[in-house]
Amino acid sequence: MKELIFIPLAGLGHLVSAIEFAKQILNRDEENLSISVLIMKLPLDYGVQNFIQSLNSQPRLKFIDISLDEKTSSGYLNSHETFLYDFIDGHKPRVREYVHNISKTSSCSGFILDMFCTSMIDIANEFNVPSYIYFASNAAFLGLCLHFETLRNEKKLDTSKYMNSDEELWITSFKNLCPTKVVPEHLLDTRLASTMFFDGIRRFKETRGIIVNTFFELESFSLQALSDSKMVPKIYPVGPVVSFEKSGHFRNNLLETQSIIKWLDDQEDSSVVFLCFGSMGSFEAEQIREIATALEHFGHRFLWSLRKSPPKGKIDIPTSYNNYEEVLPEGFLERTKGFGKIIGWAPQVTILSHPSIGGFVSHCGWNSILESVHFGVPIATWPLYAEQQMNAFLLLKELGLAEEIKMDYVVDFEGKHNQVDIVSAQEIEGCLLRLMVKSEENEVRKKVKEMKEKSRVAMEEGGSSYNSLGLLIKDVITNI
Ligand SMILES: O=c1ccn([C@@H]2O[C@H](COP(=O)(O)OP(=O)(O)O[C@H]3O[C@H](CO)[C@@H](O)[C@H](O)[C@H]3O)[C@@H](O)[C@H]2O)c(=O)[nH]1
C-alpha cells in the first residue's frame with residue numbers, strides 16, 4: 001500500500017471538499033492506496049475548527065495535524081499581507097518530517113495540493129514524488145488564473161490598469177467577453193500577495209495533473225479550452241465533489257437542525273427561498289434592512305441564515321446574533337413569523353436537499369453552487385468576495401443557471417472603499433419574483449433541473465467524472 005499525501009488549505013470551502021475527494025479515491029481504489037491528510041489549522045476559525053475536531057482517522061484515511069502553535073500561526077496573520085503564503089511555507093519542515101518518517105515503513109505515491117499550497121512542490125521534488133493540484137473552484141476560474149498568469153509573468157502587463165475599468169477581455173475559458181469587473185481584485189492588483197498568488201499559479205505547470213471540482217457536462221466549454229491550450233498538465237474534472245453527509249451538522253447542534261427540518265417539513269414543495277452567504281458572508285445593518293424589507297414585501301416563505309459582520313476593517317469570521325431584533329426592522333420578526341424563519345449557521349446541504357426549497361440566494365461560493373445544482377435548486381446570485389463575482393458571471397451569462405441580484409457587487413473587508421454598494425429592497429424583490437416562478441416557462445429552473453440529472457450521471461459508473469477519477473487513480477498508481 002502506498003501513501004498519497006493531501007495538503008489542503010484549512011478554509012471550509014477548500015478542506016471539506018478535499019477530504020470528500022480523498023474519500024472518493026479510497027472508495028474506488030481498495031488495494032493500492034492509503035491517504036494522509038495533513039492539516040494546517042488557520043489562525044482564524046473560518047468555521048472549520050469543529051469540523052477538524054470531528055475528523056476521525058481510519059486505517060486508510062489518516063488526519064495528521066501538522067499545525068504550528070497558536071502564537072506562531074497568529075504571528076503570521078498579524079504580520080503582513082502575504083501571511084497566507086508565509087503561513088503555508090512555515091509548515092514545510094513538518095511536511096518534510098512526516099514524509100521522511102513514513103518513508104521508513106511505506107512509501108509516498110504523490111502529493112495532492114491545494115491551489116494555494118504549490119510551494120510544497122519543493123518537498124515533493126525532494127522525495128522525488130509527483131504533485132497534483134486539487135482545484136476546489138471551477139474550470140472557468142482556472143482558465144482565468146492561467147490567463148492572468150501569462151499576462152503578468154510572460155507579457156509583463158500591469159494588470160492594475162483593469163481595476164475599476166469597464167473593459168471586457170477575451171479569455172479562452174469563457175464563451176463571452178469577460179468583464180474585468182468580475183475578475184477578483186487580487187488577480188489585478190500588483191501587491192506582493194498577488195505576485196505570490198501568481199507565482200503559485202505558474203507552478204501548476206510543474207505538476208502531473210490538475211484535478212478540478214467540476215464536471216464535463218457543466219463546463220464543457222472551459223474544459224475543452226483548457227485541454228486545447230496545451231499550457232497545462234492533464235486536467236481531471238472529478239466533480240461535483242461535495243459532502244452530501246449533511247455537512248452543516250458540524251456547526252449546528254442537533255436540536256437546531258431538527259427544528260429547521262420540522263419547519264421545512266411544514267412548507268409546500270418548492271415554496272421556500274433560502275438565503276445563505278457562505279462561511280465568511282455577512283452584511284452591514286443597512287443592507288440587512290433592505291433584505292428584510294424585500295422578504296416581508298415579497299411575502300413568500302423564506303429561511304434566512306443571518307450572521308453578524310466582524311467589526312469594520314477587521315478580517316474575521318461572522319458570528320451569531322444574540323438577538324436578531326438588534327439589526328432587523330422593528331416588528332419584522334412578529335410580522336413575518338407565519339412565513340419566515342431566521343437562523344444562524346445553516347445546515348446547508350440538509351436544507352438544499354429538502355423538497356420545500358424552491359430557490360437559493362447565494363454568495364456563489366463554488367461548493368454552494370455545486371450543492372444547489374445537485375439538488376436542482378435555482379440560484380439568485382449575490383457574490384461577495386474571492387472569485388464569486390466571476391462564478392456569478394459564469395452562472396448567469398455563460399450557463400444560464402441563475403437569476404441576478406448582483407454580479408459585480410464588491411464587499412469591502414479591508415475598509416478600502418468609501419462607499420459600498422447597497423442593493424435596494426426593490427432590486428432584491430424583483431429578482432426573487434423571477435427566481436420563484438414555478439411554471440415550466442421558467443427557463444432557469446428548467447435548465448437547473450436538467451443539470452441536476454447530468455450532475456448525478458457524471459458521478460455514476462461510466463459517467464464523465466467517474467471515468468476521469470479512474471484515469472487519475474491509474475496515473476497515480478502506474479507512477480508508483
Ligand atoms: O451557514 C453555512 C454556510 C456554509 N455552509 C457550507 O460551507 C461550504 C461553503 O463553501 P462555498 O460555498 O464554496 O463558500 P466559501 O466557504 O466561501 O468557499 C471558499 O472556497 C470556495 C472554493 O474554492 C470558493 O468558491 C469561494 O469563493 C471561497 O470563498 C458549503 O459546503 C456550505 O454547504 C454551511 O453548511 N452552512
Side-chain angles (χ1 to χ4, degrees), residues 11 13-14 115 135-149 151 159-171 173-189 191 193-194 197-198 201 213-214 218-219 221-222 275-284 287 291 309 315 360-370 372-373 378-417 419-424 427-428 431 435 444:
H14 292 239
M115 63 180 287
F135 197 79
S137 189
N138 50 72
F141 182 54
L142 173 61
L144 185 84
C145 292
L146 293 164
H147 180 87
F148 273 86
E149 194 278 314
L151 289 185
T159 51
S160 63
K161 70 174 185 168
Y162 295 130
M163 286 171 92
N164 306 316
S165 109
D166 288 324
E167 271 193 71
E168 296 182 316
L169 301 178
W170 183 71
I171 296 169
S173 58
F174 294 90
K175 288 182 223 160
N176 300 284
L177 287 172
C178 177
T180 48
K181 282 223 162 81
V182 303
V183 177
E185 200 174 272
H186 72 274
L187 266 63
L188 299 178
D189 72 33
R191 292 190 298 173
S194 179
F197 174 78
F198 282 108
I201 298 291
N213 190 7
T214 190
L218 180 64
E219 286 201 272
F221 186 87
S222 307
L275 299 90
C276 185
F277 300 90
S279 50
M280 294 279 286
S282 60
F283 294 103
E284 296 300 322
Q287 185 62 75
I291 299 175
S309 294
I315 301 181
F360 179 24
V361 178
S362 169
H363 75 312
C364 299
W366 189 239
N367 295 293
S368 294
I369 291 172
L370 290 176
S372 204
V373 167
I379 289 176
T381 61
W382 195 331
L384 298 178
Y385 52 93
E387 90 298 20
Q388 293 152 17
Q389 284 81 5
M390 196 231 75
N391 293 347
F393 173 71
L394 177 67
L395 285 181
L396 291 164
K397 310 289 178 195
E398 299 270 306
L399 306 176
L401 290 174
E403 299 286 352
E404 175 175 356
I405 289 185
K406 271 284 160 186
M407 190 171 79
D408 55 7
Y409 183 87
V410 176
V411 80
D412 187 14
F413 274 142
E414 299 173 33
K416 278 190 302 193
H417 309 287
Q419 202 179 336
V420 182
D421 274 355
I422 291 289
V423 187
S424 71
E427 283 176 271
I428 301 167
C431 180
L435 180 74
V444 167

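This is a predicted model, so every value here is computed, not measured. Start at 1 with the first residue, then count along the sequence.
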Item to check | Side-chain donor or acceptor of Ser160 paired with backbone N/O of Asp189 under 3.5 Å | outcome: no
Checklist entry - Shortest non-hydrogen contact from Leu384 to Gly281? => result CD1-CA, 3.6 Å
Next on the checklist: For Phe141, run the side chain to side chain contact (heavy atoms under 4.5 Å, CB included) check against Thr214, Leu187, Leu394 and tell me which one passes.
Outcome noted: Leu187
Item to check | Member of Phe197, Tyr385, Phe198 meeting the ring-ring contact (aromatic ring centres under 6.0 Å, His included) criterion with His186 | outcome: Phe197
Item to check | Inter-residue atom distance Lys406.NZ - Leu396.CG, 0.5 Å rounding | outcome: 12.0 Å
Next on the checklist: I want to check something: taking the side chain as every heavy atom from C-beta on, are Asn213 and Asn367 in contact at a cut-off of under 4.5 Å?
Outcome noted: yes
Next on the checklist: Quick check against the 3.5 Å criterion: does Ser362 have a side-chain atom that pairs as donor or acceptor with the backbone of Thr381?
Outcome noted: no
Next on the checklist: Quick one, Met115 and Leu142 - any side-chain contact, counting heavy atoms below 4.5 Å?
Outcome noted: no
Next on the checklist: Looking at every non-hydrogen atom in both residues, tell me the closest pair between Gly365 and Gln388 and how far apart they are.
Outcome noted: N-CG, 3.9 Å
Next on the checklist: For a quick test of reading the model, state the closest non-hydrogen atom pair linking Glu387 to Ser137 and the distance between them.
Outcome noted: OE2-OG, 2.7 Å
Next on the checklist: Any heavy-atom pair between the side chains of Phe360 and Leu435 that's under 4.5 Å?
Outcome noted: no
Item to check | Whether Thr180 side chain and Glu167 backbone form a donor-acceptor pair below 3.5 Å | outcome: yes
Checklist entry - Do Ile428 and Gln287 come within less than 4.5 Å of each other through their side chains, counting heavy atoms only? => result yes
Next on the checklist: Using modelled atom types and a 3.5 Å cut-off, is there a donor and acceptor pairing between side-chain atoms of Glu398 and backbone atoms of Lys175?
Outcome noted: yes
Item to check | Flag side-chain contact, heavy atom, 4.5 Å: Ile379 against Ser368 | outcome: no
Checklist outcome for this item: Taken to the nearest 0.5 Å, the spacing of Ile405 CD1 from Glu427 CD works out to 9.0 Å
Item to check | Interatomic spacing from SG in Cys178 to CE in Met390 - rounded to 0.5 Å | outcome: 7.5 Å
Checklist entry - Is the Phe174 ring parallel, tilted or perpendicular to the Phe393 ring (thresholds 30°, 60°)? => result tilted
Checklist entry - Any side-chain donor-acceptor pair under 3.5 Å between Ser282 and Ser309? => result yes
Next on the checklist: A side-chain contact here means heavy atoms from C-beta on lying under 4.5 Å apart; do Ser372 and Leu401 qualify?
Outcome noted: no
Item to check | Straight-line distance of Leu146 CG to Leu151 CG, nearest 0.5 Å | outcome: 11.0 Å
Checklist entry - Heavy atoms, side chains only, cut-off 4.5 Å: are Cys364 and Ile369 in contact? => result yes
Next on the checklist: Quick check: closest heavy atoms across Asp408 and Gln389, and the distance to 0.1 Å?
Outcome noted: CA-CG, 3.8 Å
Checklist entry - Do the non-hydrogen side-chain atoms of Tyr162 and Val183 ever get within less than 4.5 Å of each other? => result no
Next on the checklist: Please check: side-chain N/O of Ser222 versus main-chain N/O of Ala139, any donor-acceptor pairing under 3.5 Å?
Outcome noted: no
Next on the checklist: Quick check for you: to the nearest 0.5 Å, what is the distance between Ile422 atom CD1 and Ile291 atom CD1?
Outcome noted: 9.0 Å
Checklist entry - Atom NE2 of His363 and atom SG of Cys276: how far apart are they, to the nearest 0.5 Å? => result 7.5 Å
